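Structure first, then comments.
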Amino acid sequence: MKFWSRYFIPTLKESPSDAEIASHRLLIRAGLVRKLGGGLYTYLPLGHRVMQKISRICREEMERAGAIELSMPHIHPAELWADGPRWGPVREIMFRADSAGDGKRGPREPEFVLGPTHEEVITPLIKSEITSYRDLPKSFFQIGTKFRNEIRPRYGLMRAREFVMMDAYSFDADDEGAVRSYLAMKGAYEAFFKRIGTQAISVEADTGVMGGSFSHEFMVPADVGDNDLYYNEESGYAANREKARSALVPEGLADTAPLGALEEFPTPGIVTIAALEAPPYGVPADGQFKTLVMMGDGRPFAVVLRGCDELEEAKLGSLGFNLVRPATPEEIEPVMGAKPGSLGTVRGTIRDLPKLAGIFADHAIRLVGNGTTGANRDGFHIRNVNVARDLEVTKFGDFRRVKAGEPDPLGGRPLMVKRGIEVGHIFKLGTKYSERIDAGYTDDKKERHLFIMGCYGIGISRTLQAVIEQSHDADGIIWPWAIAPFQVLVCLLDPQDTEATLIAARLAAAAGRGGADVLVDDRAERPGVKFKDADLIGIPLRITVGGRGIKEGVVELKWRGAKESLKIALNESEATVEAVVREKA
RNA sequence: CGGGGUGUAGCUUAGCCUGGUAGAGCGCCUGGUUUGGGACCAGGAGGUCGCAGGUUCGAAUCCUGUCGCCCCGACCA
């Protein structure tokens, strides 16, 4: 039990100007955190308590799923990362952790870095400690601070430079085992989010820089999220934007339109899809072919889409390039023969076809019959273009960004879209890390195999903020019971009054017996201030003890989300409070 | 890193265009009156106007540079 007057909850009437979104403002106004610098936050007592509660629940669910807790260093020798597969992409977000030195030495390679994640630490560890199939499978986890020098920290704890994460790693002897471990973790995640009172959706996700064979993200739906979720509740399909597919194009669809004769025509100054749609041309966007030239590991390649579709760059990952970027006009013209705006892939029109590392076409272009595309000659397009007859294509694939309302790939029902905050991510890694350092075990036939790994993360501090984003109103936070910093707030309106103080103490004790963490607002403030603060910090159950109620012989119980309060007779109040709390806890 | 914005008291900000005494609200301190949804009255403390240089008799204000922070984009738990 804590007394507000002796505790530390610095609430703010106004929010600092640098807080943009509701959850960020509330974090600060409710006295949960204070900023030290960009992406760096102090957890004040209230915020710290919530972090502890989220961590504890996370720990319990991970252990229930069979994972074993350990703790790895935050400072890593730089050699651990140097020359690794992720050194390039990861390097720029890593903090170096060398001695600050005397300021005279010039730049040099870092000796130590602050750990952004721990695959690189745990894989060598397990390599040397586990050598037999008898010791598999094993899953480990830790809950601790991670350091990433984010290019742009944002939205308070949402994207911070230093943040708290639960990270887990699984080691299995074979693929079936690895899938079991993966599913166990997925189950633990689902249980975790359910217990903390948060709706989190798991969606198919891209593996990105992490690599691996498949993965799911756990998303908390929120308008301020930085990823789009495409889903249909009936069919159960859910994927993020990078991964989302649709059943727009029937399998094996061939050219259908009556084939017209190819015809080049002048289009002076026309370099956009929209301009070709307008009079006098009037070619609808879905009747155009859009040709994009990208650079993959330094080699140009082309991507062909319908004019009405957008490229989803993440989907180019399947092409096997390490680094992909749009090509510059200077890189494009010598290869294609024209500047962007007049590009196309009609056979025979590409100036230097052998230079291209490939022409990759989205399946959806099959829907275009007698279409129009660039002639690879500035100021000219070609009409009556048909895919099978006319287009140069190395390979078809799924490269377009899905749109809301398209049929989902499982049941053909319309896809819905929501914004979401990524709070967890699980990866089936396969052997990507174990192979690099030859980490494996010996089986019962004395044969050596690589560990099949998985890795898993939950952003604990991000989850804290995502919960607020999902659960608040105009007055403040509405904490789910399980992670509220205190579950019960005894609001003592007349701390000078001995009788009221005594009643408040008894009720606080009763709530404590029921299993709640109790905060007593014993400050010498006016009732209005106390009520506003109570709503702001979002304690689920408020018990009001005041002179007015005592005269009537009642105290009031009010749930944070509810409109009305309940009056309870004084002589039954202790038993009632204890019972109510026990039921929740 | 590219684009945009912004720095004035603990917080929110006015003043800047058109140079001349730095102002308000909230919060804080003292006294009084109040006391069930952010009270009122009186008094008070608190500001190197982000930093450095320049122009000027004179700079919060104009110019140059620099740093911090915020927003949009790429990246991530």
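Worth saying up front: this structure is predicted, and the values here are computed from it rather than measured. Just so we're on the same page: letters track the sequence lines, and every chain starts at 1.
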Taking atom [atom1] in both [N] and [M], what distance in whole Å separates the two?
N	M	atom1	answer
rU48(B)	rG2(B)	C1'	34 Å
rG7(B)	rG15(B)	P	10 Å
rG25(B)	rA14(B)	P	15 Å
rA9(B)	rC29(B)	C1'	15 Å
rA42(B)	rC26(B)	P	12 Å
rG47(B)	rU21(B)	C1'	15 Å
rG36(B)	rA22(B)	C1'	41 Å
rU6(B)	rU13(B)	C1'	13 Å

Sugar-phosphate, base or nothing in reach of [X], heavy atoms under 4.0 Å:
X	answer
Thr463(A)	nothing
Tyr155(A)	sugar-phosphate
Ala524(A)	nothing
Glu422(A)	sugar-phosphate
Lys35(A)	sugar-phosphate
Arg29(A)	base

Next on the checklist: With rounding to the nearest 0.5 angstrom, report the CG to CZ distance, Leu125(A) to Phe171(A).
Outcome noted: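 Reported value, rounded in 0.5 Å steps: 8.0 Å.
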Next on the checklist: Would Arg49(A) pass as a cation-pi partner of Phe486(A), given that its NZ or CZ must be under 6.0 Å from the six-membered ring centre and within 45 degrees of the axis?
Outcome noted: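 Pair Arg49(A)/Phe486(A) counts as cation-pi.
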Checklist entry - Between Arg6(A) and Phe3(A), is NZ or CZ placed under 6.0 angstrom from the six-membered ring centre and within 45° of the ring axis? => result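 Because its charged atom sits under 6.0 Å from the ring centre and within 45° of the axis, Arg6(A) does stack over Phe3(A).
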Checklist entry - Does the ring centre of Tyr169(A) sit less than 6.0 Å away from the ring centre of Tyr456(A)? => result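 Centroid distance Tyr456(A)-Tyr169(A): not below 6.0 Å, so no.
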Checklist entry - Between Phe427(A) and His425(A), is the gap from one ring center to the other below 6.0 Å? => result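 Ring centroids of Phe427(A) and His425(A) are less than 6.0 Å from each other.
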Any [X] side-chain N or O less than 4.0 Å from OP1/OP2 of [N]:
X	N	answer
Lys13(A)	rU12(B)	no
Arg161(A)	rC76(B)	no
Arg152(A)	rC71(B)	yes
Ser17(A)	rU13(B)	yes

Figure out the [atom1]/[atom2] separation between [X] and [N], and round it to whole Å.
X	N	atom1	atom2	value
Ile143(A)	rA77(B)	CD1	P	17 Å
Ile460(A)	rA77(B)	CD1	P	14 Å
Met219(A)	rA77(B)	CE	P	11 Å
Asp18(A)	rC72(B)	CG	P	13 Å
His24(A)	rC69(B)	NE2	P	12 Å
Phe218(A)	rA77(B)	CZ	P	14 Å
Asn227(A)	rC76(B)	CG	P	10 Å
Met94(A)	rA77(B)	CE	P	15 Å

Watson-Crick/G-U partner (both atom distances under 3.5 Å) of [N]:
N	answer
rU55(B)	none
rG68(B)	rU6(B)
rG37(B)	none
rC28(B)	rG44(B)
rG23(B)	rU13(B)
rG73(B)	rC1(B)

Item to check | Listed partners of Glu69(A) passing salt bridge (Lys or Arg N to Asp or Glu O under 4.0 Å), at least two apart | outcome: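 Scan of Glu69(A) (salt bridge (Lys or Arg N to Asp or Glu O under 4.0 Å), adjacent residues dropped) gives Arg59(A).
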Item to check | Pair of N/O donor and acceptor under 3.5 Å linking rC75(B) base with Arg159(A) side chain | outcome: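 Side chain to base: pair present.
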Next on the checklist: Quick check: any donor-acceptor pair below 3.5 Å linking the side-chain of Arg154(A) to the base of rC72(B)?
Outcome noted: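 No, the side chain and the base share no sub-3.5 Å donor-acceptor pair.
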Item to check | Minimum-distance pair of heavy atoms, taken over all atoms of Lys146(A) and Pro116(A) | outcome: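 Looking at all heavy atoms of both residues, the shortest contact is CD-O, 3.4 Å.
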Checklist entry - If every non-hydrogen atom of Glu331(A) is compared with every non-hydrogen atom of Met295(A), which pair is closest and at what distance? => result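 Heavy atoms of Glu331(A) and Met295(A) come nearest at OE1-CG, 3.5 Å.
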Checklist entry - Are any of the side-chain heavy atoms of His48(A) and Leu32(A) separated by less than 4.5 Å? => result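 A side-chain contact is absent here, since even the closest heavy-atom pair is not under 4.5 Å.
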Checklist entry - Mapping Gly156(A) and Glu217(A) to their closest nucleotides on RNA chain B, which lands nearer the 5' end? => result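 Its nearest nucleotide being more 5', the pick is Gly156(A).
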Checklist entry - With nearest nucleotides of RNA chain B determined for Ala160(A) and Glu14(A) from heavy-atom distances, which residue corresponds to the more 5′ nucleotide? => result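 Final value for this comparison: Glu14(A).
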Listing, residues 561-573 of chain A side-chain donor-acceptor contacts under 3.5 Å, not counting sequence neighbours, or none:
from, atom 1, to, atom 2, distance (Å)
Ser565(A), OG, Glu556(A), OE1, 3.3
Ser573(A), OG, Leu570(A), O, 2.7

Strictly under 3.5 Å: I want the nitrogen or oxygen pairs between protein and nucleotides 28-37 of chain B, one per line.
from, atom 1, to, atom 2, distance (Å)
rU34(B), O2, Arg526(A), NH1, 2.7
rG36(B), O2', Arg548(A), NH1, 2.8
rG36(B), O2', Arg548(A), NH2, 2.4
rG36(B), O6, Gly549(A), N, 2.9
rG36(B), N1, Glu556(A), OE2, 3.0
rG36(B), N2, Glu556(A), OE1, 2.7
rG36(B), N2, Glu556(A), OE2, 2.6
rG37(B), O6, Arg542(A), NH1, 3.1
rG37(B), O6, Arg542(A), NH2, 3.0
rG37(B), N1, Asp535(A), OD2, 3.0
rG37(B), N2, Phe531(A), O, 3.4
rG37(B), N2, Asp535(A), OD2, 2.3

